[in-house]
Amino acid sequence: ELMHDLTDTPLDGSTDAQTAPQNSYIDITLPLQCAVEDSRLILWEGTKCSLPGVYDPFPGEEKSILIKYKYQNHHHQILCSEVEAIKLPKNAHRVSTPS
């Protein structure tokens with residue numbers, strides 16, 4: 001498996017689900033993993049709440065989506081508006097690890 005560990009959708013724009021206020025994010029790991037084809041995730045512009053297994057806990061409010069994933073043994077991360085198009089993997093999402 002080339003792409004995995006897709007985690008957490010912060011609803012308050014926070015980049016760290018552990019420090020986000022309780023109940024301010026939902027985990028959509030499984031629905032996103034189910035959308036991966038040929039080690040790629042492509043989600044078109046528009047709300048992600050219409051994906052199978054995803055719901056909108058705060059209708060009408062702006063939301064962000066945080067995706068952390070590992071591709072070719074490197075950690076990647078993207079934080080964007082919930083309505084933006086998402087195409088993974090991308091080198092621009094690569095997270096440098098401390099040495």
Going by side chain to side chain donor-acceptor pair (under 3.5 Å), name the residues that satisfy it together with H93, two or more places apart in sequence or in a different chain. Y69
Is the shortest side-chain heavy-atom distance between I67 and L88 below 4.5 Å? yes
Going through the checks in order, is the side-chain contact (heavy atoms from CB on, under 4.5 Å) test met by L51 and L32? CA-CA 8 Å; L51 292 172; L32 291 183; 4.1 Å; yes
Okay, side chain of D38, backbone of R40: is any donor-acceptor separation there less than 3.5 Å? no
Hphob cluster co-occupancy, Y55 + V83, side-chain heavy atoms under 4.5 angstrom: no
Can you sort out the partners of C34 under side-chain contact (heavy atoms from CB on, under 4.5 Å), two or more places apart, ordered by chain and number? L30
Only one of Q77, Q72, H74, H75 passes side chain to side chain donor-acceptor pair (under 3.5 Å) with R94, and that residue is H74
I65 CD1 to L43 CG distance, which is reported to the nearest 0.5 Å: 7.0 Å
Suppose the criterion is salt bridge (Lys or Arg N to Asp or Glu O under 4.0 Å): which pairs have a residue in residues 41-59, not counting sequence neighbours? D56-K63
Value for CG (N91) from NE2 (H76), rounded to nearest 0.5 Å, stands at 5.5 Å
Whichever hydrophobic residues join W44 through chains of side-chain contacts under 4.5 Å: I42
Output the distance between atom CD1 (I28) and atom CD (Q33), rounded to the nearest 0.5 Å. 11.0 Å
What are the two closest non-hydrogen atoms of P31 and G53, and how far apart are they? CG-O, 3.6 Å
For S39 and P89, work out which heavy atoms get closest and say how close. O-CD, 3.5 Å
Path from I78 to V95 over hydrophobic side-chain contacts below 4.5 Å: no
Could I get the full list of side chain to side chain donor-acceptor pair (under 3.5 Å) partners for S81, not counting sequence neighbours? none
